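Along the sequence shown, the residues carry numbers beginning at 1. Just so you know, these numbers come straight off a predicted model, no measurement behind them. Both counts, for ligands and for their atoms, begin at 1 and track the order of listing.
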Amino acid sequence: MPFLKTSSLVTIDRHIVEEGAMHPEATGELTRLLRDLTLALRIVAHDVRRAGLNDVLGLTDDVNSHGERVKRLDIHANDVIFRAMERGGHLCVMASEEVEDLMHIPQQYPKGKYVLVFDPLDGSSNIDVNVSIGTIFSVYKRLESERTDAGTLDDVLQPGYRQVVAGYAMYGSSTQLVYTSGNGVDVFTFDPTIGEFLLTFEKLRIPQRGKIYSVNSGNAHKWPQGIRDYVTHLLKPSADGLRPYSLRYVGTMVADIHRTLHYGGVFMYPQDATMPKGKLRLVYEVNPMAFIIEQAGGKASDGQGRVLDIVPTSLHQRVPCYMGSFDDVCEVEQFLVNGEQS
Ligand code: P6P
């Protein structure tokens, strides 16, 4: 288990400033961007915690760009993040799972050199039954950092290896913020009594191999042969006791990835007969999580190659997703190759 920090009293603000100090060229703009973002996350966390009380449960009449009925809390979280970020002068454009097109900075506010993409409330199908949900985010530098006009789609459709920061907030038994800026993965736990995110795990490392696989087995009849063979393999007891694996699946990517980071194993959303590119979205779900998993020493694949090397072609494109412990994901890729050859 990673080193638990209990006495450092490092707030996320101080951590970001200390990390910024490691980059002499840093202007402090990213620090201020992240300070605005953590404010938004604190507000969303507060509203999620009161979801049953402050009349934000239930469906709207809206359907998002993926044909999914939108929960009111989705829209609320999206609006909170946009309003918290629009005026700081750090961003040239934003993009969200909940909005079909780019979200432009209003003309009265200055534009900055960063791009923010986010899934405001991941796991919305779990909102009404009090199962963990979360917010996923990712920050890029715009392609031409000296420009001061509105950002473009090209600024958003960058390959994941160009991410400057990625992270997620998980609204579970506590609210935790998991964050990387390319210098390892740090975990902050929100203390509502003082209103601060405090550093609780530093430089989190995912186990080289785990004993848990995480996938929606309801889709098994549609999986590629290689994935069916892989899961059959995981369930076959082995002499060394490494198998069988256990199945754990929350149905909220943030929660399933959070457990995989700590305990190891593999999280999968495969392509299948009805979803040839899987279900999860590359830009604001899979890429941020892939950056975090790699920074923790794991591996993130689309089944054929590194997720972070994929050059996006559209804002809401989906991608098959296999990520977690390095050895487990290598094994998945091998089964997919074998499945293709059988
Ligand atoms: P399924 C939630 O709606 C989500 O986008 C991810 O958070 C989660 O991993 C996935 O979809 C669950 O999808 O088809 O298993 O319900």
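Under the rule for a ring-ring contact (aromatic ring centres under 6.0 Å, His included), Tyr322 has no partner lying at least two apart in sequence or in another chain.
Other residues, nucleotides and ligands contribute more than 12 heavy atoms inside 6.0 Å of the OH atom of Tyr249.
Under the side-chain contact (heavy atoms from CB on, under 4.5 Å) rule, Asp122 has a single partner from Asp74, Leu280, Ile136, Ile257, which is Ile136.
Follow the hydrophobic side-chain contacts under 4.5 Å out from Tyr179 and you reach Tyr114 in the same cluster. Hydrophobic clustering keeps Leu91 apart from Leu153 (ILVMFWY residues linked when any side-chain heavy atoms are closer than 4.5 Å, directly or through intermediates). A continuous path of ILVMFWY side-chain contacts below 4.5 Å connects Phe118 to Ile133, so both sit in one hydrophobic cluster.
The protein residues lying under 4.0 angstrom from ligand 1, judged by non-hydrogen atoms, are Asp122, Gly123, Asn216, Tyr249, Gly251, Thr252, Met253, Phe267, Tyr269, Lys279, Leu280, Arg281, Glu285.
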